[in-house]
Enquirer: 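Once you've had a glance at the structure underneath, I'll fire off some questions.
Note that the numbering runs from 1 along the sequence shown for the chain. Keep in mind the model is a prediction, meaning the values are calculated, not measured. Just follow the structure's listing: the first ligand is 1, and inside any ligand the first atom is 1.
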Amino acid sequence: MEYIDLHAHMISRTTDDYQKMALTGCLAVTEPAFWAGYDRRSADVFADYFDHITDFEPKRAAEYGIQHYAWLCLNPKEGEDRELTKQVLQIIPGFLDRPNVLGIGEIGLNRVTRNELATFRDHVELALEHNQLIHIHTPHLEDKYKGTKVIVETLAADGRIDPSRVMVDHAEEHTMPIILDAGFWTGVTLYPVTKTTPGRAVDMFERYGTDRICVASACDWGPSEPVAIPHFVLEMRRRGHDEEEIRRIVLQNPATFLGQSPKFRLGHLARPAAVAAD
Ligand SMILES: [Zn+2]
């Protein structure tokens, strides 16, 4: 089945992974800027990173017929460093006009500190100033509930933000209602063993429906599965969900959210109505 992987750190994956994704129906990936596995010591390193995910990765993906899009930011983990944040925020606007850049992300919180929250707010300002979509990382494990609540409350209190232009990712059973009730899009990230397995993700759709929810592999350097979405599709079929419903989750929903950026184009898929009729 054709699908879009809305969260994939392809910089950390091999070309074989692009091939596997293409063979399983992947039409497009979006790559949020993230932590590199080490703290970067200068804004110049971020400039190189942004160049990589806006130039080299789209070319590598195109070899397999996959469209590659990117989100830019200084991630929540390094966002603790306010001085570095200031410098990186100055270079981001220079990359926003690149043809594959859809918005600001994945911003958010990691340990939910005062500095992280200040960095998060700075990125939201940047997104508003440049009319960009926003992709948000919520913390994992014990910080998830608190972090998600702080993020949602911060955004909801800002009257300038249109929640339909914001994706709050890494949702779990206990955070999904907080996000959806505030009008935001949300994402379930699929992992082979830890965190949300395909089976657990299907449980969530059975509980919360399919409105404004996407799935993604969030594949990166760690244990993760670049073809996690096809595994999710299999699990949905195994439980008897119909093809139309599955297609809505893995293709139409992300196309609708991402299609709010004029840069996101998937030919006939750019129009959600055409996807439904497909
Ligand atoms: Zn990520």
Side-chain angles (χ1 to χ4, degrees), residues 3-14 17-18 21 26 28-40 45-46 49-50 52-54 57-58 61 66 68-80 85 88 92 95 100-112 116 119-120 123-124 127 132-141 143-144 147-148 151 166-172 175-176 179 184-198 201 213-229 231-232 250 254 257-258:
Y3 67 92
I4 295 167
D5 194 336
L6 201 133
H7 191 152
H9 298 290
M10 298 311 293
I11 190 172
S12 61
R13 308 301 308 195
T14 64
D17 292 334
Y18 274 120
M21 292 169 97
C26 183
V29 296
T30 86
E31 174 152 6
F34 81 147
W35 188 60
Y38 55 91
D39 291 342
R40 287 162 276 209
V45 189
F46 279 86
Y49 174 57
F50 296 153
H52 182 112
I53 63 174
T54 58
E57 286 305 327
I66 294 175
H68 179 284
Y69 296 93
W71 307 81
L72 306 179
C73 75
L74 176 144
N75 62 89
K77 204 168 158 68
E78 286 165 286
E80 184 63 28
T85 300
V88 174
I92 291 175
F95 288 88
N100 76 327
V101 175
L102 299 179
I104 299 297
E106 56 185 302
I107 56 171
L109 300 171
N110 182 45
R111 303 303 303 199
V112 200
E116 286 175 14
T119 293
F120 173 71
H123 279 97
V124 170
Q132 299 290 307
L133 295 175
I134 298 176
H135 181 258
I136 294 178
H137 165 97
T138 54
H140 295 296
L141 304 173
D143 295 311
K144 181 169 293 293
T148 303
I151 287 166
V166 180
M167 157 71 58
V168 184
D169 215 339
H170 303 310
E172 290 184 8
T175 58
M176 195 169 266
I179 300 165
F184 299 103
W185 282 81
T186 192
V188 178
T189 40
L190 306 161
Y191 294 87
V193 186
T194 58
K195 303 169 193 158
T196 310
T197 57
I213 313 179
C214 300
V215 287
S217 71
C219 58
D220 58 16
W221 311 100
S224 47
E225 173 57 81
V227 292
I229 292 179
H231 283 277
F232 167 81
V250 302
F257 173 69
L258 300 169

Enquirer: Do we see a donor-acceptor contact under 3.5 Å between the side chains of His52 and Glu31?
Expert: no
Enquirer: Before giving the answer on side chain to side chain donor-acceptor pair (under 3.5 Å), spell out for His170 and Thr138 the whole-Å C-alpha distance, their side-chain angles and the decisive distance to 0.1 Å.
Expert: CA-CA 6 Å; His170 303 310; Thr138 54; 5.7 Å; no
Enquirer: Just say parallel, tilted or perpendicular for the rings of Phe257 and Trp185, cut-offs at 30° and 60°.
Expert: tilted
Enquirer: Between Arg40 and Glu78, is the closest basic N to carboxylate O distance under 4.0 Å?
Expert: yes
Enquirer: Under 2.8 Å from the Zn ion (ligand 1), which protein N, O or S atoms do you find? Ignore water molecules.
Expert: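 Counting only protein N, O or S atoms under 2.8 Å from the Zn ion (ligand 1), the list reads His7 NE2, His9 NE2, Glu106 OE2.
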Enquirer: Any donor-acceptor pair under 3.5 Å linking the side-chain atoms of Asp169 with those of His7?
Expert: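 Per modelled atom types, His7 and Asp169 side chains form a pair under 3.5 Å.
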Enquirer: Does Phe95 form a side-chain contact (heavy atoms from CB on, under 4.5 Å) with Phe46? I'd like the steps, not just the answer.
Expert: CA-CA 11 Å; Phe95 288 88; Phe46 279 86; over 6 Å; no
